[in-house]
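Numbering starts at 1 and runs along the sequence shown. The shown structure was predicted, so the numbers you read here are calculated from the model rather than taken from an experiment.
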Amino acid sequence: MNGCYNTMGIGRVRGSAGVAVCVLAAAAAFAPGLAAQGAKEANGRGGPSSAVARPASHLQPARGMLGDLVGTWRFEIWFAGNFSGTPDVSGIRVLKALFDDLRLEWTEVLDHSQVQGQGLVGFDPSSDRFFSTAVYNVGSAPELLTGILDDAQPSITFYPISISPGAGEPPPAPSSTLAVLDHDHFGWTAQDRTWRAVFTRQ
């Protein structure tokens with residue numbers, strides 16, 4: 001995944017003067033609250049326990065989405081002002097399982113460039129959230145993202161997490177959405193419409 005798939009990280013190339021890298025990634029968020037426990041009545045008789053309904057787990061849908069992302073992908077990225085012309089950036093990303101089916105590692109190379117990237121994308125059952133990290137051989141420190149699965153469709157909305165809040169760092173990357181289109185295609189789009197990426201299975 002863009003960004004994390006970007007997304008699992010997105011490399012941005014603008015002109016021949018230099019290379020700017022936009023990296024998206026995700027980190028686990030807070031675990032949901034625990035169900036309340038029932039209390040015994042004062043006279044010692046066991047009363048009915050009152051449990052707070054816990055949201056449905058996204059473990060199985062997450063496992064399915066991550067499984068669909070395993071493979072070799074050709075990606076193309078367009079930036080604002082050029083959503084219908086030749087892609088501004090293209091390259092190859094390879095995703096494979098890391099330890100288990102809930103964590104993937106990826107590597108990426110850009111066409112006609114020395115830019116390379118790698119990172120992780122996965123799902124944390126304890127927080128019921130996706131996470132992703134990305135780092136490139138150019139640019140600044142990696143960014144982190146946390147992701148929430150959309151129950152209505154196979155998509156994940158990722159939100160940036162600051163590495164050092166209040167340290168005068170640049171503003172975080174915009175939120176973005178990874179959407180699985182079919183077995184051989186997925187898209188990753190910035191919610192502020194500054195870029196969009198399309199991945200095609202090779």
Side-chain angles (χ1 to χ4, degrees), residues 1-11 21-33 54-75 77 91-109 116-137 139-163 172-191 195 197-202:
M1 23 181 143
N2 285 104
C4 341
Y5 239 147
N6 172 330
T7 66
M8 298 179 292
I10 285 182
V21 177
C22 174
V23 196
L24 304 181
F30 302 102
R54 185 184 178 105
S57 170
H58 293 102
L59 176 60
Q60 292 308 320
R63 179 174 278 130
M65 284 191 72
L66 291 170
D68 286 342
L69 296 179
V70 173
T72 300
W73 301 85
R74 176 78 181 168
F75 65 87
I77 304 171
I92 296 292
R93 176 173 292 181
V94 178
L95 289 105
K96 59 183 179 179
L98 175 68
F99 304 130
D100 56 33
D101 59 357
L102 291 179
R103 290 170 286 185
L104 305 179
E105 62 178 344
W106 59 266
T107 57
E108 174 181 287
V109 293
Q116 299 179 38
Q118 63 184 70
L120 303 172
V121 63
F123 182 78
D124 176 22
S126 65
S127 66
D128 203 44
R129 297 224 178 179
F130 285 85
F131 61 88
S132 180
T133 63
V135 64
Y136 284 82
N137 62 338
S140 59
E143 292 180 1
L144 307 176
L145 297 176
T146 181
I148 301 173
L149 183 66
D150 187 333
D151 289 319
Q153 55 187 330
S155 67
I156 308 163
T157 300
F158 283 100
Y159 301 92
I161 297 176
S162 177
I163 296 176
S175 300
S176 58
T177 300
L178 183 156
V180 175
L181 307 176
D182 56 44
H183 180 69
D184 295 322
H185 301 87
F186 72 92
W188 203 314
T189 306
Q191 292 186 349
W195 56 264
V198 174
F199 291 73
T200 303
R201 191 182 300 277
Q202 298 296 285

Requested in this report: Work out which heavy atom in A197 is nearest to a heavy atom in I77; give both atom names and the distance.
Outcome: CB-CG1, 3.8 Å
Query raised in the report: Do the side chains of F123 and H58 get nearer than 4.5 Å, heavy atoms only?
Result: yes
Query raised in the report: Side chains of L102 and L59: does their closest heavy-atom pair fall under 4.5 Å?
Result: yes
Query raised in the report: What residues form a side-chain hydrogen bond (donor to acceptor under 3.5 Å, both in side chains) with D101, not counting sequence neighbours?
Result: R63
Query raised in the report: Considering only heavy atoms from C-beta outward, does the side chain of W73 approach that of F186 to under 4.5 Å?
Result: yes
Query raised in the report: About how many Å separate OG1 of T189 and CH2 of W195, when rounded to the nearest 0.5 Å?
Result: 6.5 Å
Report summary line: Sorted by chain and residue number, the salt bridge (charged side-chain N to carboxylate O under 4.0 Å, His left out) partners of D151 (sequence neighbours excluded) come out as none
Query raised in the report: Looking at side-chain heavy atoms only, is the closest gap between I148 and Y159 below 4.5 Å?
Result: yes
Requested in this report: Pick out which of D182, D68, D184, T72 makes a side chain to side chain donor-acceptor pair (under 3.5 Å) with R201.
Outcome: D184
Report summary line: Taken in chain and number order and not counting sequence neighbours, the residues that satisfy side-chain contact (heavy atoms from CB on, under 4.5 Å) with V70 are L104
Query - M65 side chain reached by V180 side chain, heavy atoms, under 4.5 Å - result: yes
Query raised in the report: Which heavy atom in A134 sits nearest to a heavy atom in W106, and how many Å separate them?
Result: CB-CZ2, 3.4 Å
Query raised in the report: Which heavy atom in A62 sits nearest to a heavy atom in L149, and how many Å separate them?
Result: N-CD2, 4.4 Å
Requested in this report: Applying side chain to side chain donor-acceptor pair (under 3.5 Å) between Y136 and each of E108, Q116, Q118, report the one that passes.
Outcome: E108
Query raised in the report: Rounded to the nearest 0.5 Å, how far apart are CZ of F131 and CD1 of I161?
Result: 11.5 Å
Requested in this report: Show the numbers, then the answer: is there a side-chain contact (heavy atoms from CB on, under 4.5 Å) between L66 and F130?
Outcome: CA-CA 10 Å; L66 291 170; F130 285 85; 4.1 Å; yes
Report task. Would you check if the side chain of Q202 reaches a backbone N or O of T200 as a donor-acceptor pair within less than 3.5 Å? Result -> yes
Query raised in the report: Is the closest side-chain heavy-atom distance between I92 and R74 below 4.5 Å?
Result: yes
Query raised in the report: Can you name the side-chain contact (heavy atoms from CB on, under 4.5 Å) partners of S155, sequence neighbours left out?
Result: D150, Q153, T177, A179
